[in-house]
Amino acid sequence: MLRSFVTKRTFSSSAAWLAAKKQHDVVIIGGGPGGYIAAIKAAQLGLDTACVEKRGRLGGTCLNVGCIPSKALLNNSQMYHQMKTDSKNRGIDIKGEVVLNLEQFQKAKDTVVKQLTGGVEMLFKKNKVTYYKGLGAFENENSIKVKPVEGLDGSVSKETILEAKNIVVATGSEVTPFPGIKIDEERIVSSTGALSLKEIPKRFIILGGGIIGLEMGSVYSRLGSKVTVVEFQPKIGASMDDEVASTTQKFLKKQGLDFKLGTKVVSAERNGDVVNIIVEDVKSGKQDKLEADAFLVAVGRRPYIQGLDAEKIGLEVDKRGRLVIDDQFNSKFPHIKVIGDVTFGPMLAHKAEEEGIAAVEYIKNGVGHVNYNNIPSVMYSHPEVAWVGKTEEQLKEAGINYKVGKFPFIANSRAKTNLDTEGFVKILIDSETERLLGAHIIGPNAGEMIAEAGLALEYGASAEDIARVCHAHPTLSEAFKEANLAAFDKPLNF
């Protein structure tokens, strides 16, 4: 192994010879949810661990310009909306007008992000993870070159070569561009720009009816925008169960969102402070002209490998731009593993975290595990939407006989007392064994409640197993119990 290192150094550039050199057991490229969790876990397992991140703040897209700031906006916009529209129903009279302070609204979001990114950096120090601020790129299959990033506070002062026994690539994803549409992050925005609009647009049009588009649509609808969602598919929600997606659309429409489904965007151009958009019905080909004060392009994300120099060492890339790996996260080099958005599977922070843990466990112990049939998804609208396991459509396609149990929140005592009764819990079980196959929740606290379904799926619980567990009263989780009762017998409170 030492000889191979010496041989490879012989052919390195003169600049590499001048670079500082460091040795580590594991080097993680990328400090997002997958990368930083992998780094912490590797250090806890006793490995000399380093993490390279070019953003300058840890947490990746999720913490900096994704999951966390969007949830701050969703939570605070919902509070604002409730105070304006629902306080009287709850016996709360607000003297004077409820006014949005947009500057403070944004500051509250930014404060949370700053606190959490700083918290991750503290965890690195606590667990003795070496943190390199800079752009990580492959020098060869055993070395990572960390390049300084201009304007980045605390960036490495000069090129640094990290020699690593093991490397984990966790470079994440970036916004997928839309052909012919130029994003300026002012009037035509990506999800990043949508988090920091300087004014509330009167007309907000969204390209894409997935989770990102619907969450941002919910925020600005509550703040007073007229929101229109344009979606190429005939339904919203991408991987949602069809019944849940249909119900979600009804709730969002009642909240003021308009939907143009089965519709494609032909063009979008900024003209001063207005965006002119041409859309076309997929079936009829009929075109229509729309105008917006802000236009969000939310058609998904794509793997990010820019600047990694993956091609330099011959890492395989598939047709979707993802790095190719085997079932143990190995690239063509067993000591180079790949996790998170930059490879296969759903682009979810918690999926990346689980892969980060499993990858370093493979490095340390030779074993690791991620159950890809048990990865929950959540949309933080109001009501929330959460699901895990199979949908009805997937079970039908697979030819699996199943039974359905449903329970509405209108019949749940805690939802009643909270005046928050929209939605239901839907349980799918195997017809013969009554084992849980999937759970779908639309309603209050769905994102928290789905964890019980995940635990039940992991341990192969039946609907009866779940229903016989004592659930506290009055709680929203009783709706989950009742839906399982309905799946194998009869509910007690509906």
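Side-chain atoms of Thr391 do not come within 3.5 Å of backbone N or O of Asp241 as any donor-acceptor pair. Distance alone, capped at 3.5 Å, places no donor-acceptor pair between the Thr343 side chain and the Ile339 backbone.
Classification of Glu121 and Arg57 as a salt-bridged pair fails, no side-chain N sitting under 4.0 Å from a carboxylate O. Using a cut-off of 4.0 Å between Lys/Arg side-chain N and Asp/Glu carboxylate O, Lys426 and Glu392 are scored as salt-bridged. Look at Arg302 and Glu174 and you find a salt bridge, because one of the NZ, NE, NH1 or NH2 atoms lies within 4.0 Å of a carboxylate O, short of that distance. Look at Lys107 and Glu103 and you find no salt bridge, because none of the NZ, NE, NH1 or NH2 atoms lies under 4.0 Å from a carboxylate O. The pair Glu186-Lys198 fails the salt-bridge criterion, with no side-chain N (NZ, NE, NH1 or NH2) lying under 4.0 Å from an Asp/Glu carboxylate O. Salt bridge status for Lys312 with Glu139: present, with a side-chain N to carboxylate O gap under 4.0 Å.
For residues 20-55, every residue pair satisfying the ring pair (Phe, Tyr, Trp, His ring centres under 6.0 Å) rule, not counting sequence neighbours, is listed here: His24-Tyr132. Judged as a salt bridge (charged side-chain N to carboxylate O under 4.0 Å, His left out), not a single pair has a partner in residues 27-38 (not counting sequence neighbours).
What you find for Gly454 and Asn374 is that their closest heavy atoms are O-ND2, 2.8 Å. The minimum heavy-atom distance linking Gly389 with Gln394 is given by the pair O-OE1, 4.0 Å. Here the shortest heavy-atom pairing between Lys165 and Gln23 reads CG-NE2, 4.5 Å. Scanning all heavy atoms of the two residues, the minimum distance from Asn64 to Gly59 falls at ND2-C, 3.9 Å. Minimum interatomic distance between Val229 and Gly208 (heavy atoms only, all atoms of both residues): CG1-O, 3.8 Å. Contact detail for Gly32 and Glu53: the closest heavy-atom pair is N-OE1, 4.3 Å.
The CG atom of Leu296 lies 5.5 Å from the CD1 atom of Ile206; values are rounded to the nearest 0.5 Å. Between the CD1 atom of Ile466 and the CG atom of Leu455 there is a distance of 9.0 Å, given to the nearest 0.5 Å.
Surrounding CZ of Arg55 are more than 12 heavy atoms belonging to other residues, nucleotides or ligands, all under 6.0 Å away. Within a 6.0 Å sphere centred on NZ of Lys22, heavy atoms belonging to other residues, nucleotides or ligands number 12 at most. Summarising the local packing, CD of Glu448 is surrounded by 12 or fewer heavy atoms from other residues, nucleotides or ligands at distances under 6.0 Å. Other residues, nucleotides and ligands contribute more than 12 heavy atoms inside 6.0 Å of the CZ atom of Phe105. Under a cut-off of 6.0 angstrom, the local environment of CD in Glu432 is sparse, with at most 12 non-hydrogen atoms contributed by other residues, nucleotides or ligands. For Asp153, the CG atom sits in a loose shell: 12 or fewer heavy atoms of surrounding residues, nucleotides or ligands are nearer than 6.0 Å.
Within the 4.5 Å cutoff, side-chain heavy atoms of Ile427 are placed close to those of Leu436. By the 4.5 Å heavy-atom criterion applied to side chains, Val324 and Val317 are not counted as neighbours. Taking 4.5 Å as the limit, every side-chain heavy atom of Ser190 sits out of range of all side-chain heavy atoms of Val297. Using a 4.5 Å heavy-atom threshold, the side chains of Ile375 and His350 count as touching. Between Phe424 and Val244, the closest side-chain pair of non-hydrogen atoms falls below 4.5 Å.
For the side chain to side chain contact (heavy atoms under 4.5 Å, CB included) with Val156, the lone residue among Leu135, Val52, Val146, Val149 that qualifies is Val146.
Taking the ring centre of Phe488 as origin, the terminal cationic atom of Lys481 falls outside the region bounded by 6.0 Å and 45° from the ring axis.
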Let me see the working for His382 and Gln82 under side chain to side chain donor-acceptor pair (under 3.5 Å), right down to the final yes or no.
CA-CA 11 Å; His382 191 89; Gln82 277 196 296; 5.5 Å; no
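When ring centroids are compared, Phe333 and Phe138 stay outside the 6.0 Å threshold.
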